[in-house]
Amino acid sequence: LIGVKARDNSTKSRDINGRRRMNQKGILVVVSGFSGAGKGTLMKKLVTDYENYALSVSMTTRQPRTGEVDGRDYFFVTDEEFENRIANDGMIEYAGYCGHYYGTPKDFVEKNLEEGKDVILEIEIHKVRAQYPDAVLLFVMPPSAKELYNRLTGRATETEEVIRQRMLRAVEESEGIDTYDYIVVNDKLEDCIAQINTIVNAARHTPSQNIEFIGEIRKELKEFLGSR
C-alpha cells in the first residue's frame, strides 16, 4: 500500500537556508476517461494516499439531498449567487441541468493552488485549457476494451442497452485522447496512483511552471557579473 506522502506546501520563495525554491504553487490536474475506467476511484485514492491533493468541489443551485454536506459534496447557493459569479467571471465552467445550475467555482480552485495543493478536476478539457494553459491533462484508460466492458457489467446496476451506449460513447471519446498530455492505464490501482503522482510531481519542474524562478535567476546572473 502506498503510504501517505507529505510535502512542504509553503509558497515562500526561499528555504530556511536562503536557497531559492522552485515553484511551490499547486498544479491543476484534469482527469478524464471512459465511463468504467475508474476515474472516481483513482481521484479519491490520490486524496487519501497523498496529502498534497485536493478534489475540486462543484457548486449547484439545487437543494441538498439527505446526507449531503455543504462544502464537501457541493457548494449549495441560490440562483442569484450563482448568476453573480457568472457575471463576475467566478466560474471555470458551468451548465444548466433540470432547472438548476452546476459548475466549478474559480475561487476554490485558485485558493488551493495558491496554498500549494494539486487540484483534481473531472471536467471537459476545452473549458480548462484556455484559462489554465499549464494544467496537466490526464486520460485514464482501461487495459483493454474487454476489461472496460467487464467493469461496466460488473456494476450490475445498468441494462445491457445502457452499457452498449456507454461503450459507444467510449468509441467517440477515444478519438480525442491524443489531445491530452498523458495517458495512464488503470490496470493495477496502486501502480496507476503512483504513476499519476509521478507525472504531477514532474510537472512542477517544467519551465512554464517556474517562470518567476527563471526570471529571478537571470536577474541574479546579470547582477553577479555586473559586480565583478
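Excluded from the calculations below are hydrogen atoms, water molecules and symmetry mates; all remaining heavy atoms, backbone and side chain alike, are included. Owing to the predicted nature of the structure, the values given are computational and were not obtained by experimental measurement.
- A donor-acceptor contact shorter than 3.5 Å links the side chain of Lys117 to the backbone of Glu51.
- A salt bridge does not link Asp134 with Arg129: none of the charged nitrogens is closer than 4.0 Å to a carboxylate oxygen.
- Put simply, the side chain of Gln131 gets close to the backbone of Ile92: a donor and an acceptor are under 3.5 Å apart.
- When the salt bridge (Lys or Arg N to Asp or Glu O under 4.0 Å) test is applied to Glu147, the partners found at least two apart in sequence or on another chain are Arg151.
- A donor-acceptor pair under 3.5 Å links the side-chain atoms of Lys39 to the main chain of Gly33, judged by distance alone.
- A donor-acceptor pair under 3.5 Å is absent between the side-chain atoms of Asn186 and the main chain of Cys192, judged by distance alone.
- Screening Lys45, Met43, Lys188 against Ile193 for a side-chain contact (heavy atoms from CB on, under 4.5 Å) leaves a single residue, Lys45.
- With hydrogens and angles left out, the side-chain atoms of Glu83 and Tyr94 include no donor and acceptor closer than 3.5 Å.
- Applying the side-chain contact (heavy atoms from CB on, under 4.5 Å) criterion to Ser227, with sequence neighbours excluded, gives no partner residue.
- Using a 3.5 Å distance cut-off with no hydrogens or angles, the side chains of Thr198 and Gln195 do not pair a donor with an acceptor.
- The side chain to side chain donor-acceptor pair (under 3.5 Å) test applied to Asn84 returns no partner, not counting sequence neighbours.
- Without hydrogens or angle criteria, Thr61 side chain to Tyr101 main chain gives a donor-acceptor distance under 3.5 Å.
- Between Tyr53 and Tyr50, the angle of the ring planes goes over 60°, which puts this pair in the perpendicular group of the 30/60° scheme.
- Within the 3.5 Å criterion, the main-chain N or O of Phe108 finds a donor-acceptor partner in the side chain of Asn112.
- Enclosure of atom CD in Glu80 is not indicated, since only 12 or fewer non-hydrogen atoms of other residues, nucleotides or ligands lie within 6.0 angstrom.
- Ring centers of Phe139 and Tyr182: at least 6.0 Å apart, outside the cut-off.
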